[in-house]
Amino acid sequence: MNTKVKILDEGNLDIEIIKEAGEIIRNGGLVAFPTETVYGLGANALDPEAVEKIFKAKGRPQDNPLIVHIAEIEDMKPLAIDISPVALKFIQNFWPGPMTVILPKSSIVPDITSASLDSVGIRMPSNVIARELIKAAKVPIAAPSANVSGKPSPTDVDRCIEDLNGKVDLILGGSMCDVGVESTVIDCTVSPSCILRPGGITLEMLREIEKEVYIDPAIMKKAEGNNRPKSPGMKYRHYAPNAPVKIVKGNLNKTIAKINEMVENYISENKAVGIIATDETREFYKNALVISVGSRHNMLSVSKNLFETLRSFDDSKVDIIISEAFEEKGIGLAIMNRLNKSAGFDIIKV
Ligand code: TXA
Ligand code: MG
């Protein structure tokens, strides 16, 4: 397939391009597009044949449901049959934005979109390209992250092209995604509601609106035995660059010392090491490819750069990646969830 790429200026959208993209979606094609979280790979959520193309393009397991993206709150009504007062409160406070609510689905949502579950994940993104595309398509858009299954999600258009060139009709490019990790998924079919995937709308933010919110305990542990996450997508190996990732967790000074010690050992085995450091610590490492993922004083900078940092180590072909850890509060919970998964929970405590 010949994939067109169109780069848009978010401050001055080319409406003709958006119209063309909307038509492709309406006619059953695939369009990749930026959102405030990560790039998405979109198709008409109500057209089973179009949705099937998403699974093929990504190599995605069929038991993993897709999120349905809408442009206005009213667009949710035909998709969900019962919107609880709690769900409504979350929606009113956090849409448009990086939050997906799981609601009991209506019969217009095809089984392939929701992986035959009786619920559906719905999200209203804030990114202007995403919103205008959905409006132009005049249908809700099913969109998983625009990566090949297993890879870290793309947060800029070049990574999106890397994964999807030749597999989709059109890639819309915008600026780098702000949040950098995928949306918070909150299950509102249960009471109290439950976070199935942490993201940009944090546990603390949700609890300010509704005291009783809990986190699926499975998401911060390795999926094995009885520990099965409720969100199908969270059970797969994910966010993984080619080289194995190890996380060193604990007191920051001890972390730095431990990482330097590990580097020496790997070097003696002729291995090239990549280090995920921060602005505050990067200067303390040597004999490795050191990338600062952001500042510890601005955790949003860390979430924004995380996937790009993981993917850039693939380009440099290091043999092993060692990462510092972050406090699991605020967006730090989402950062550690993705890092833990990319490392297959290979955590060294110091
Ligand atoms: O930020 C995002 O959410 C991005 C952008 C493109 O919007 N999309 C995204 O989609 O991350 P995806 O498919 O990569 O991840 C969707 C997650 C998966 O873990 C999936 O299992 C879960 O949401 N999910 C979707 N529908 C669900 C449902 N009905 N019940 C439980 N989990 C659901
Ligand atoms: Mg994904």
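In listed order, ligands and their atoms are each counted from 1. No experiment lies behind these values; they were computed from the predicted model shown.
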Exercise. Return yes if some donor-acceptor pair links the side-chain N/O of Asp163 with the main-chain N/O of Cys160 below 3.5 Å, else return no.
Key: no
A student comparing Gly121, Pro65, Pro104 should find that the heavy atom closest to atom 33 (C) of ligand 1 comes from Pro65
Can you find a non-hydrogen atom of Pro98 under 4.0 Å from ligand 1? no
Decide whether the shortest distance between a heavy atom of Lys105 and an atom of ligand 1 is less than 4.0 Å. no
Please say whether Lys58 places an N or O atom under 3.5 Å from an N or O atom belonging to ligand 1. no
Counting heavy atoms under 4.0 Å, the part of Leu196 that contacts ligand 1 is side chain
With heavy atoms and a 4.0 Å threshold, my read on which part of Ser183 contacts ligand 1 is both
Inset, instruction - Could you tell me whether any N, O or S atom belonging to Ser149 is less than 2.8 Å from the Mg ion (ligand 2)? - result: no
Discussion item. Regarding Lys221 and Asp216, does a basic nitrogen lie under 4.0 Å from an acidic carboxylate oxygen?
Written reply: no
Inset, instruction - Would you indicate whether the side-chain heavy atoms of Val263 and Tyr285 approach each other to under 4.5 Å? - result: no
Evaluate Thr37 for polar contact with ligand 1, using N/O atom pairs at a separation under 3.5 Å. yes
* Step by step, work out the side-chain contact (heavy atoms from CB on, under 4.5 Å) result for Thr255 and Lys249. => CA-CA 6 Å; Thr255 296; Lys249 188 173 180 177; over 6 Å; no
(request) Can you establish whether the number of heavy atoms outside Glu264 located under 6.0 Å from its atom CD is more than 12? (result) yes
message: Quick check on Glu74: does its CD atom have over 12 non-hydrogen neighbours (other residues, nucleotides or ligands) under 6.0 Å away?
response: yes
message = Pairs of nitrogen or oxygen atoms closer than 3.5 Å, one from Arg60 and one from ligand 1: do any exist?
response = yes
Test your reading of the structure: does Tyr39 have an N or O sitting under 3.5 Å from an N or O of ligand 1? no
### Message
Between the side chains of Glu20 and Lys6, is the shortest nitrogen-to-carboxylate-oxygen separation below 4.0 Å, so that they form an ion pair?
### Response
yes
Numbered in order shown, the ligand 1 atoms found under 4.0 Å of a heavy atom of Asn64 are 18 (C), 20 (C), 21 (O)
